[in-house]
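Residue numbers start from 1 in every chain, and the chains themselves are labelled A, B, ... in the order their sequence lines are given, proteins ahead of strands.
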Amino acid sequence: MDFRPLNDKERQKLTDALRGNAQSNLAILMNRRDTSFVGATEEVTDEEVISAIKSVPCHY
Amino acid sequence: MGLFDSDEGKRRLLTVEVPIIERYNQERDAEYRIQLQRQGAGLMLRYRLKPMHNIYEVETRLLSSYPTTPPETRALTPIKPCPHLLQGQLLCMWRQGSSWSTSRWDPARYTCVFAVQSAWRWLACYEVWHDTGEWPLPDAK
């Protein structure tokens, strides 16, 4: 695969969302159509729930 | 309990797993939908994830002993050796022997779509690690 790296701003936004998800109960939202990263949020609507990655810790 | 050979397993599939997969697929572009395939006494989910710019082919296997045993998820797209990656490109997501409940798969709380979402989060961590050499989340115990 030709890996396309993140730019600094994208990497920071994604890192903040991942850490917010793990440590501060933020949900990560995926795009409903293609699963791409949308952002992080404290509140998830019923419509968004299937595309929201809740703050459930995993091993990694 | 076997997924296909016990009433309990069939009920789990029909009332929990299949409906939530259908909901996941509902507004998804065709190439990003979860495809289901029976594999012996288990079930295979094949799908694509695109956390950022890169697209990954992924499969999650539900063994016949699922949901008691956690699903196994592997990347089919070649990725670099990195933290939390096991042999065969298996993503290390749960440790059933862990003393921390947060590191263990809980069949009462999680579904196969949660495993898909966890794979997304793992791949997002990989994208950060690929650029920085640092896994963005602290290791669980």
Peer 1: Keeping the roles fixed (side chain from Arg33(A), backbone from Glu27(B)), state whether a donor-acceptor pair exists under 3.5 Å.
Peer 2: no
Peer 1: Might you work through the side chain to side chain contact (heavy atoms under 4.5 Å, CB included) test for Arg48(B) and Thr35(A), ending with a clear yes or no?
Peer 2: CA-CA 8 Å; Arg48(B) 282 182 182 164; Thr35(A) 79; over 6 Å; no
Peer 1: Compare all side-chain heavy atoms of Ile53(A) with those of Phe114(B) and state whether any distance is below 4.5 angstrom.
Peer 2: no
Peer 1: Using the rule that Ile, Leu, Val, Met, Phe, Trp and Tyr join whenever any side-chain heavy atoms are under 4.5 Å apart, tell me whether Phe4(B) and Ile21(B) fall into a single cluster.
Peer 2: yes
Peer 1: Say you draw a straight line from CE of Met30(A) to CH2 of Trp120(B); how long is it, rounded to the nearest 0.5 Å?
Peer 2: 7.5 Å
Peer 1: Hydrophobic clustering (ILVMFWY, side-chain heavy atoms < 4.5 Å, transitive) - are Leu29(A) and Leu137(B) grouped together?
Peer 2: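 No, no single cluster joins them.
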Peer 1: How about residues 49-63 of chain B versus chain A: which residues have heavy atoms under 4.5 Å apart?
Peer 2: Leu49(B), Lys50(B), Pro51(B), Met52(B), His53(B), Asn54(B), Ile55(B), Tyr56(B)
Peer 1: Report yes or no: does Gln117(B) contribute a side-chain atom to a donor-acceptor pair with the main-chain N or O of Ala52(A) at less than 3.5 Å?
Peer 2: yes
Peer 1: Using non-hydrogen atoms and a 4.5 Å limit, figure out which bit of Leu14(A) sits close to chain B: side chain, backbone, both or neither.
Peer 2: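 Only the side chain of Leu14(A) comes within 4.5 Å of chain B.
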Peer 1: Membership question, hydrophobic clusters at under 4.5 Å side-chain separation (ILVMFWY): are Leu123(B) and Trp129(B) in the same one?
Peer 2: yes
Peer 1: Does CG belonging to Asn7(A) count more than 12 external heavy atoms closer than 6.0 Å?
Peer 2: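 Yes - once you tally the heavy atoms of other residues, nucleotides and ligands closer than 6.0 Å, there are more than 12.
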Peer 1: Are Val113(B) and Trp122(B) linked, directly or through other ILVMFWY residues, by side chains that come within less than 4.5 angstrom of each other?
Peer 2: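 Cluster IDs for Val113(B) and Trp122(B) match.
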Peer 1: Count the heavy-atom pairs under 4.5 Å between each of Thr15(A), Leu18(A), Asn31(A) and chain B, then report the option with the highest count.
Peer 2: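 It is Leu18(A).
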Peer 1: Are the side chain of Asp131(B) and the backbone of Leu6(A) linked by a donor-acceptor contact shorter than 3.5 Å?
Peer 2: yes
Peer 1: Among Arg32(A), Arg19(A), Arg11(A), which has the most heavy-atom pairs under 4.5 Å with chain B?
Peer 2: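 When all of Arg32(A), Arg19(A), Arg11(A) are compared, Arg32(A) has the most.
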Peer 1: Would you call the rings of Phe3(A) and His130(B) parallel, tilted or perpendicular, where under 30° means parallel and over 60° means perpendicular?
Peer 2: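 Plane angle under 30°, so parallel.
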Peer 1: Are Met93(B) and Tyr47(B) grouped together when hydrophobic residues (ILVMFWY) are joined by side-chain heavy atoms under 4.5 angstrom apart?
Peer 2: yes
